[in-house]
Amino acid sequence: MAAELKIAFYDTKSYDREYFARIAQSEPFAETKFIFDFFDDHLNKATVALAKGHDVVCAFVNDLITKEIADALYDEGIRLIALRSAGYNNVDLKATQGKITVVRVPAYSPHAVAEHAVALLQTLNRKIHKAYLRTRDANFSLKNLVGSEIYGKTVGIIGTGRIGKVAAEIFKGYGANLLLNDAYPDKTFAMQLNAKYVNLEELFQQSDYISLHVPLTTQTRYLINQQCISMMKKNVMIVNTGRGALIDTKALLDALISGRIRGAALDVYEEEEAYFFEDWSAEPIQDANLARLIQLPNVLLTAHQAFLTDTALEQIALVTLNNIIDVLEKGKSENEVSWSNRG
């Protein structure tokens with residue numbers, strides 16, 4: 001490996017710089033001299049040239065690595081893309097196959113995301129955000145603040161990977177009944193929580209709350225659509241901390257506005273790359289669906305912050321740098337993703 005390792009970081013914020021700088025100076029990397037170049041901009045056609053002269057590109061969830069971008073990176077000498085995220089649906093793996101190695105952080109803190117999912121649901125469910133705004137204005141009325149309990153209700157967890165399992169455990173702590181759905185059921189886990197794996201139709205029909213914890217693939221895109229919403233209870237609340245395109249936003253909006261479902265607690269949005277992680281408070285939102293979601297009283301939206309804890313940020317930096325070292329020193333990483341092994 002080279003005496004110096006130059007990494008171009010795209011779409012970075014202050015916390016990325018802080019945690020990567022800190023972890024790079026920790027004991028596991030004492031013999032590696034990292035040179036970090038942090039760019040605020042997304043990776044795109046206009047910024048791809050910034051990668052020139054670097055050994056590695058480090059990208060985030062809204063850096064869209066299309067075939068055109070992958071080819072341009074290859075032309076700039078980039079042979080390794082390190083994603084500081086679990087999801088990799090933003091990468092054209094067919095275009096990188098055999099040319100550029102792609103690695104990811106498969107799990108940084110499942111507790112961070114699962115806890116945020118439950119916090120979002122409870123905030124919307126108990127109308128805590130509305131109560132907070134009232135009391136700030138010295139309005140202590142409880143009118144229209146009636147919520148619902150999770151205890152004794154049925155929670156449907158779609159996706160029982162690491163995050164989904166933690167979410168299930170938290171909901172079990174509330175005293176909920178659990179219905180699970182996963183392409184690869186973990187029956188032992190279900191038995192431990194007295195939960196049951198069911199098909200999606202049964203989960204949609206019986207759940208009072210539904211929480212999404214699956215990756216975005218061709219099979220899961222628009223997992224929540226008009227047809228499945230029609231199967232749900234009218235008082236259902238949907239939570240999504242996975243990927244925005246797991247939900248058909250138009251179908252969700254129609255259901256929320258008509259009262260077909262009770263509410264949605266969202267940390268992601270299917271067209272979020274144009275807005276999330278930036279300050280748009282001084283400009284009008286041009287995306288009509290996003291603008292409507294923000295305005296609806298039965299929606300609570302955060303801007304893809306479920307991962308944002310100190311534990312998760314440390315783990316993201318640590319695993320990302322380990323991935324890079326493994327590929328450059330050993331020629332491979334256990335966290336490599338490719339067209340042939342994609343999920």
Side-chain angles (χ1 to χ4, degrees), residues 86-89 106-122 125 148-248 251-252 255 260-268 306 337 341-343:
Y88 49 90
N89 57 283
Y108 28 89
S109 175
H111 294 274
V113 180
E115 289 176 10
H116 190 78
V118 179
L120 268 181
L121 173 62
Q122 278 294 67
N125 187 35
S148 298
E149 297 179 9
I150 292 177
Y151 177 83
K153 300 295 196 310
T154 298
V155 177
I157 305 287
I158 304 179
T160 53
R162 297 175 186 177
I163 296 171
K165 284 178 177 174
V166 173
E169 290 169 347
I170 296 172
F171 281 119
K172 188 64 177 180
Y174 276 89
N177 303 310
L178 296 177
L179 295 179
L180 312 176
N181 179 273
D182 196 283
Y184 304 96
D186 185 338
K187 298 295 180 64
T188 301
F189 174 77
M191 289 179 60
Q192 291 170 347
L193 293 190
N194 194 26
K196 182 171 74 167
Y197 277 97
V198 297
N199 60 39
L200 283 176
E201 183 175 349
E202 184 175 347
L203 186 146
F204 291 145
Q205 291 173 342
Q206 297 188 20
S207 297
D208 300 293
Y209 306 98
I210 297 173
S211 194
L212 308 180
H213 301 286
V214 293
L216 179 62
T217 66
T218 53
Q219 289 76 33
T220 61
R221 181 175 293 274
Y222 287 176
L223 176 68
I224 303 299
N225 53 51
Q226 185 177 17
Q227 181 180 4
C228 67
I229 288 173
S230 69
M231 304 177 193
M232 297 178 187
K233 293 183 177 182
K234 190 173 181 179
N235 69 339
V236 73
M237 281 189 168
I238 300 171
V239 187
N240 187 12
T241 53
R243 286 291 183 266
L246 295 174
I247 298 179
D248 180 342
L252 179 66
R260 178 63 190 77
I261 63 174
R262 185 157 61 105
L266 311 171
D267 187 53
V268 287
V337 290
N341 71 4
R342 68 196 186 285

If we ignore hydrogens and angles and just use 3.5 Å, is the side chain of [X] paired with the main-chain N or O of [Y] as donor and acceptor?
X: T220; Y: L223; value: no
X: R260; Y: M232; value: yes
X: S207; Y: F204; value: no
X: D208; Y: K153; value: no
X: N89; Y: P215; value: no
X: K172; Y: L193; value: yes

If you define the side chain from C-beta out and look only at heavy atoms, does anything of [X] sit under 4.5 Å from [Y]?
X: H213; Y: I158; result: no
X: M231; Y: E201; result: yes
X: I210; Y: V239; result: no
X: I261; Y: K234; result: no
X: T241; Y: L120; result: yes

Which pair of non-hydrogen atoms, one from [X] and one from [Y], has the smallest distance, and what is that distance?
X: L203; Y: L180; result: CD1-C, 4.2 Å
X: H116; Y: D267; result: NE2-OD1, 3.6 Å
X: Y108; Y: A86; result: CE2-N, 3.9 Å
X: V155; Y: A176; result: CG2-CB, 3.7 Å
X: A168; Y: L178; result: O-CD1, 3.4 Å
X: F171; Y: S211; result: CE1-CB, 4.4 Å

Non-neighbouring partners of Q122 that pass side-chain hydrogen bond (donor to acceptor under 3.5 Å, both in side chains), sequence neighbours left out: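 Expected list: N125.
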Applying the side-chain contact (heavy atoms from CB on, under 4.5 Å) criterion to L212, which one of L266, I224, I157, V268 satisfies it? I224
Name the residue from N181, T160, D182 that meets the side chain to side chain donor-acceptor pair (under 3.5 Å) definition with Y197. T160
Carboxylate-amine/guanidinium contact R221 D248, below 4.0 Å: no
If only side-chain N and O atoms count, and only distance matters, is there a donor-acceptor pair under 3.5 Å linking Y209 with T154?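 There is no such pair between these side chains.
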Check the pair K196 / E202 against side-chain contact (heavy atoms from CB on, under 4.5 Å), numbers first and verdict last. CA-CA 11 Å; K196 182 171 74 167; E202 184 175 347; 3.5 Å; yes
Assess the residue pair M237 and S148 against the criterion (side-chain contact (heavy atoms from CB on, under 4.5 Å)); give the C-alpha distance rounded to whole Å, side-chain angles, the decisive distance to 0.1 Å, and a yes or no. CA-CA 11 Å; M237 281 189 168; S148 298; over 6 Å; no
